[in-house]
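Every chain is numbered from 1, with letters handed out A, B, ... down the list of sequences.
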Protein chains: 2
Amino acid sequence: MILKLLSEKERMYGYEMVQRVKEMSHEKILIKEGSLYPTLHALTKEGYLTTESALVNNRTRKYYSLTNKGKGLAAPAVDELVDFQQTLKLIFGSKPALS
Amino acid sequence: MILKLLSEKERMYGYEMVQRVKEMSHEKILIKEGSLYPTLHALTKEGYLTTESALVNNRTRKYYSLTNKGKGLAAPAVDELVDFQQTLKLIFGSKPALS
DNA sequence: CAATAATACATCATAATCCGATGTATGCAA
DNA sequence: TTGCATACATCGGATTATGATGTATTATTG
């Protein structure tokens, strides 16, 4: 999801990602800090993301962007999830439950 | 998925479930024995499934069925997955990639 | 006819992943 | 001044998936 978000918006910070996913998913997917920040750090360490820090309203913000390598990771990863969603639909395709 | 399968067919055995999911998912989801059997045993132990063994073609088969308790688990669990699939679609909804 | 694939069960150790709890700090609203 | 939102971060525990491994029979195919 991080890769998906950053494919659609060049520069985002962690907290913003949490809000964006919450909004896009109609409050259904709530990314926790305990999941987000370690993942962001790992992706950065592996060279998929770059960061720049900023101070906004006297609060620290750390912006993340995809590197070229990151774009290379994002494209197939997003495709895979699109595919997975469609596969899930094959099995849990929403036929409304008849009483 | 086990619960989904058994909601649609009263009695199934492990190997059959693997084949059915493989088929329904167009070969995309391949449940491994290392995932399936421990799960089946756990669900049985917790009273969600009952088993009956049979010998077919000189090979052992263990059929599983939902108990009433299992049906109570299956209904909301399946709903949850249907819901999840739709949520995933909100985020990874397949807009075909423009070149 | 011998080797391989398919059918059918099972377990275990390793790896991956998620998240609750916890901590720090500022700004804003009640 | 209490609490909520913003904003970062870490760590340990719990859950889950699966590759590897094992047993055994039947069917296929070169």
> Do side-chain atoms of B/Thr67 reach the backbone of B/Gly47 as a donor and acceptor pair under 3.5 angstrom?
yes
> To the nearest Å, give me how far apart NZ (A/Lys62) and C1' (D/dA7) are.
12 Å
> Above 12 or not: heavy atoms from other molecules or residues under 6.0 Å from CD of A/Glu80?
no
> Any side-chain heavy atom of A/Ile31 within less than 4.5 Å of one from A/Met17?
no
> Is B/Lys89 atom NZ crowded by more than 12 heavy atoms from other residues, nucleotides or ligands, each under 6.0 Å away?
no
> By a strict heavy-atom criterion of less than 4.0 Å, which residues belonging to residues 33-41 of chain B are in contact with DNA chain D?
B/Gly34, B/Ser35
> With a sphere of 6.0 Å drawn around NZ of A/Lys69, does it hold more than 12 non-hydrogen atoms of other residues, nucleotides or ligands?
yes
> Within the structure, does a side-chain N or O atom of B/Asn58 lie under 4.0 Å from either OP1 or OP2 of D/dT26?
yes
> Considering residues at least two apart in sequence or located in another chain, which fulfil the side-chain hydrogen bond (donor to acceptor under 3.5 Å, both in side chains) criterion with A/Glu46?
none
> Is any side-chain heavy atom of B/Leu6 less than 4.5 Å from a side-chain heavy atom of B/Arg11?
no
> Any side-chain heavy atom of A/Lys9 within less than 4.5 Å of one from A/Glu16?
yes
> Choose from D/dC8, D/dT6, C/dC28 the nucleotide whose nearest atom is closest to any side-chain atom of A/Arg59.
D/dT6
> A/Leu43 CG to D/dA9 C1': how many Å, rounded?
16 Å
> Within residues 12-31 of chain A, find the residues that approach DNA chain D with a heavy atom at under 4.0 Å, and present them sorted by residue number.
A/Tyr13, A/Gly14, A/Tyr15
> Would you mind reading off the distance between A/Met1 atom CE and C/dT17 atom P, rounded to a whole angstrom?
14 Å
> Using only side-chain N and O atoms of B/Lys32, determine if any of them is under 4.0 Å from OP1 or OP2 of D/dA20.
no
> How long is the line joining CZ of B/Arg61 and P of C/dA10, in whole Å?
14 Å
